[in-house]
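So you know, we letter chains A, B, ... as the sequences are listed, proteins then strands, and number each from 1.
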Amino acid sequence: MSSPATRPEDLMGLTKGEYDTILDILGREPNLTELGIFSVMWSEHCSYKSSKLWLKTLPTEGPQVIQGPGENAGVIDIGDGLAAIFKIESHNHPSFIEPYQGAATGVGGILRDVFTMGARPVANMNALRFGSPDHPKTRHLVDGVVAGIGGYGNCIGVPTVGGEVNFDPAYNGNILVNAMTVGIASTDKIFYSAAAGVGLPVVYVGSKTGRDGIHGATMASAEFDDDSDEKRPTVQVGDPFTEKLLLEACLELMATDAIVAIQDMGAAGLTSSSVEMASKGNVGITLSLDDVPQREENMTPYELMLSESQERMLMVLKPGREDEARAIFEKWELDLSVIGETNDSQRLVLMWKGEIDADIPIPPLVEAAPEYDRPWTATPPRAVREPSEVAEPTDISEALLTLIGSSDLCSRRWVWEQYDHMVMGDTVGRPGGDAAMVRVHGTKKALAISTDCTPRYVEGNPVEGGKQAVAEAWRNVPSVGAKPLAVTNNLNFGNPERDEIMAQLVGAVQGMGAACEALDAPVVSGNVSLYNETNGQAILPTPVIGCVGLIDDAASAVGNGFTAEGQTIIIVGQTAGWLGCSIYQRDLAGGSNGAPPPVDLVTERRNGDFVRTAILDGLVSACHDVSDGGLAVALAEMAIAGGIGAEIDATPDIPTHAWAFGEDQARYVVTCSDPDDFLHRAAAAGVPAEATGTTGGPALTLPGAKPISVANLRETHARWFPEYMASR
Amino acid sequence: MKARVHITLKNGVLDPQGKAIHHSLEGLGFDGVDDVRQGKFIEIELSGNDPDAARASVSEMCEKLLANTVIENYAVEIDD
Amino acid sequence: MKARVHITLKNGVLDPQGKAIHHSLEGLGFDGVDDVRQGKFIEIELSGNDPDAARASVSEMCEKLLANTVIENYAVEIDD
Amino acid sequence: MSAAVIVFPGSNCDRDIAVALEAALGTAPLMVWHGDSALPGVDLIAVPGGFSYGDYLRSGAMAANSPIMREVVSHAGRGVPVLGICNGFQVLTECGLLPGVLMRNASLKFVCRDVDLRVERGNTAFTGGYKVGDVIRIPVAHHDGNYFTDPDTLKSIEDNDQVAFRYCEPDGTVSDAANPNGSLANIAGVLNGNGNVLGMMPHPERLIDPLLGGTGGTPMFTALAEAVAA
Ligand SMILES: Nc1ncnc2c1ncn2[C@@H]1O[C@H](COP(=O)(O)OP(=O)(O)O)[C@@H](O)[C@H]1O
Ligand SMILES: [Mg+2]
């Protein structure tokens, strides 16, 4: 056991203080393998050291919650003995380095998080943020990321049913690739990661281990100075074919009762999977590293423990069930190797060529992981901008065309046509609607799924922006008629060691927490990605929310396209004309952006519940929530989706541009054939609702504006993405 | 003039295709295969007639488009 | 022993990948490219040490699996 | 009467086709693992979509060499209807049951969307529920659907009336704009000489439920059920 020197550059990202804690825990200097293990376990990624304090404040419970944060994915009850299991995860940095493989392995990783718990994945979502369209790398990154997400999901045969794509110069040096998977399991067949019990075999399955993605810190360490190319940490390459086999083999084995615990090997590979299983089960684990299937020659214990090779799982089986498991994995043409055993030592002991290579007590490795209360100072509030302070367009219709033809609001068809969104035969409708809907196989029920975040709001006011991210993701679910049940979240921020970034994180979490509480949508899983900055330029604060809801009969859902002529168009919710921080203000008016729209959570809940009930009662023929771009954009999207125009006869008592493009929250546009009943019930429920026009004709006519043909709207909406991607 | 370009995965980079082909060859009963790696072979017809210029230009094509230099190596030959 | 296999599309067979690469190269401003064809390059590590046997075996692999001889040609080299 | 669905490592539309067959036949098809070597008493075989062997090397190539495919070929020779959808079509061309090959889409991108198909041949076990000239709307989802053959083969399949479907405009016009992948002569589906083997890139099994977007695929399964019951 040679000891590395303790120069700061040799600490693999640990601070001197953290290193001293390790000395206390071990009572000696760690060797290279041990230091590597501490370094990854105590990395921001695995230990959540900057965010943990705040994550604890999020509401995570409710009668619908079977498993909140802390396992591979969150689990909620969807009735009839079934559970939905879901989580979102980032693969930001790898996707910037190698967009195709980075995005692909991001999808692979989140799929494993879900099926490791016993669920068959039924839907993928993705939330993407790229730099300015004008930035020289953007097109290449979009192309690679979209192809990578499709490449993995299409091959494994899980439909990619929705997501979001945005562009902003703040992501020029740090794109965001957040992938979400939703799966379905029986409530009595959910698998956890606690390896309770001693003398149990620890079993490795899946692909062999190579030097993929080993901590870059390796490079700085003295022992590897004379390295050639061979030991360079390499980019992880995804193998969706192997993952498909792993998925089927795991589900087949899970149908037996041979498994005690199972955990995928994700970040920090064998290290975090073995430590977490042992720690949760209060046991020790001895691993024989010689038995780990290896893809490359001369791998060291350090490399084996830190490799992030994909498509691997670690399981603890009941004793004597190894052969049964092996038969299943062999049928699926996969490796299975018994690499260790649990014991009562509460230590992680690694054997290598007949000797002990590492020996670490597990409780302090897990519990002494640092947790920081990083300083922050609240983000200064921005001035509220009155509609009159935001320049009016010369022509409302032209402004609308500019907006729906812009990079952030145009059709995402170019993206989702590269994803198989129908495989598994349960995708209700096509992408492009509000929440995506996936039927629960063999039943009438469907899950409704959406992802959302409006980073410019979070930047303007982290607390309101955090609330808004939850509110918007949530709002998409009642828009189709489903009841939101729970959320997952991906907190993407810059460097938390800077006060103003930490303030964004704290504020966003506070806002999210309040919203989840008020909307009865507890957080059941999530992921944190910090240090998204380049040369001191941080990304916009981007807490992405994924919301999952349920509808009892998918046939009672509605879409967001106008369905017939002569329907009454009703706006649900209050339109005050909030233009501060709006897309209109940003793209067409300029000037300082002002405060983002406030979120009234009580109103949000009341309006959403009302709309959902009205849909289920059959009063609504189409529904669309109002978000970026305001009412005008929402109406245009409904016209495009339905291929039917509309005459809007509202007489707003606010400036027309504020009425058309203001981004007030908690609003929906619905169409009804019997408006009186709807309006009557709305009044009774105290929900603001106003008939504002009628569907029909070949054009959309906004108040005081010239008609725009639906054909023109559709053309303009469709054009930007394919043209941008085809140009260079 | 013709350029022949070989694009291969760097050492240590996982090659799922090679792995699957290897497996399939075994299934077909071919013994004695230790490893399979799959790369690309690109032939480019060029209209110029200066081999050095051609080599320089094709190398630039590799850097810019043909190879993903994060995970792939390339080799250019000019047949003149 | 190592076998190097080149798999190329037969003359007259459409090559969507080659065509797309050609187009992109032009878009990137590379002049003087007359044609681009994309093929495969497969390297096989073999444990035997008889080059003739290896050549025969790899040719059979090509016939059975590696090439679709309706549209592709293959060429086998053995590095010994 | 029984149907079989062949399952390869990496197949992923096997359940979808099984659902469609069960709805039409009233009984669940037999799911047959690629490593099996027998197809006892089967009178309809489906080779499903997906990414057998990851689509590595060439789509369908490794699956075409699976043990079960010898049985499929021999059943096809005896006149048993064999339907290959998407990856199944690729497998059937790779194992020589159908002419031509499926190359990378001309766009080089995976494409998943609804397309219109013109029915070119009506009197087969697969297409008996349609009339020649009918236009059906049906989804495609593939990366390698660009149908290609040499000119002689093309002439012979056209002369023998082996084209089952072509990509077309909603009004039935066959145009480049309606071609999602660059296929020769807009060919979306091809029959063998005897008309008992059909390969097609579009997915009829995805369109058997109005909730999922339509029922344009249902007549194919109904026709198959009638054909095998007869
Ligand atoms: N990355 C993506 N992957 C798949 N679908 C996407 C993606 N981005 C956007 N979409 C789909 O496009 C539609 C519009 O997206 P968006 O404008 O973000 O919706 P909303 O305004 O309701 O949040 C949604 O149906 C969404 O699921
Ligand atoms: Mg929406």
Please tabulate, one pair per line, the N or O donor-acceptor pairs under 3.5 Å between chain D and chain A.
unit_1	atom_1	unit_2	atom_2	d
D:Asn12	ND2	A:Asn154	O	3.2
D:Asn12	ND2	A:Cys155	O	3.0
D:Arg15	NE	A:His441	NE2	3.4
D:Arg15	NH2	A:Met424	O	3.0
D:Arg15	NH2	A:Asp426	OD2	3.3
D:Arg15	NH2	A:His441	ND1	3.2
D:Asp16	OD2	A:Met424	N	3.0
D:His34	NE2	A:Glu333	OE2	3.4
D:Tyr56	OH	A:Asp239	OD1	2.7
D:Lys109	NZ	A:Asp143	OD1	3.0
D:Cys112	N	A:Glu417	O	2.6
D:Asp114	OD1	A:Arg430	NH2	3.1
D:Asp114	OD2	A:Arg430	NH2	3.4
D:Arg206	NH1	A:Asp420	OD1	2.9
D:Arg206	NH1	A:Asp420	OD2	3.4
D:Arg206	NH2	A:Asp420	OD2	2.8
D:Asp209	OD2	A:Arg439	NH1	2.7
D:Leu212	O	A:Arg430	NH1	3.0

Within a reach of under 6.0 Å around CG of D:Asp171, are more than 12 heavy atoms found that belong to other residues, nucleotides or ligands?
yes
Quick check on A:Leu247 against chain D: is it the side chain, the backbone, both or neither that has a heavy atom closer than 4.5 Å?
neither
When only pairs under 4.5 Å are counted, which of A:Gly425, A:Gly151, A:Cys155 shares the most heavy-atom pairs with chain D?
A:Cys155
Measure distances from D:Leu207 to the heavy atoms of chain A and classify the residue's part below 4.5 Å as side chain, backbone, both or neither.
side chain
Of the backbone (N, CA, C, O) and the side chain (C-beta and beyond), which part of A:Ala554 lies under 4.5 Å from a heavy atom of chain D, both, or neither?
both
Between A:Leu245 and D:Pro9, which heavy-atom pair has the shortest distance, and what is it?
CD2-CB, 3.6 Å
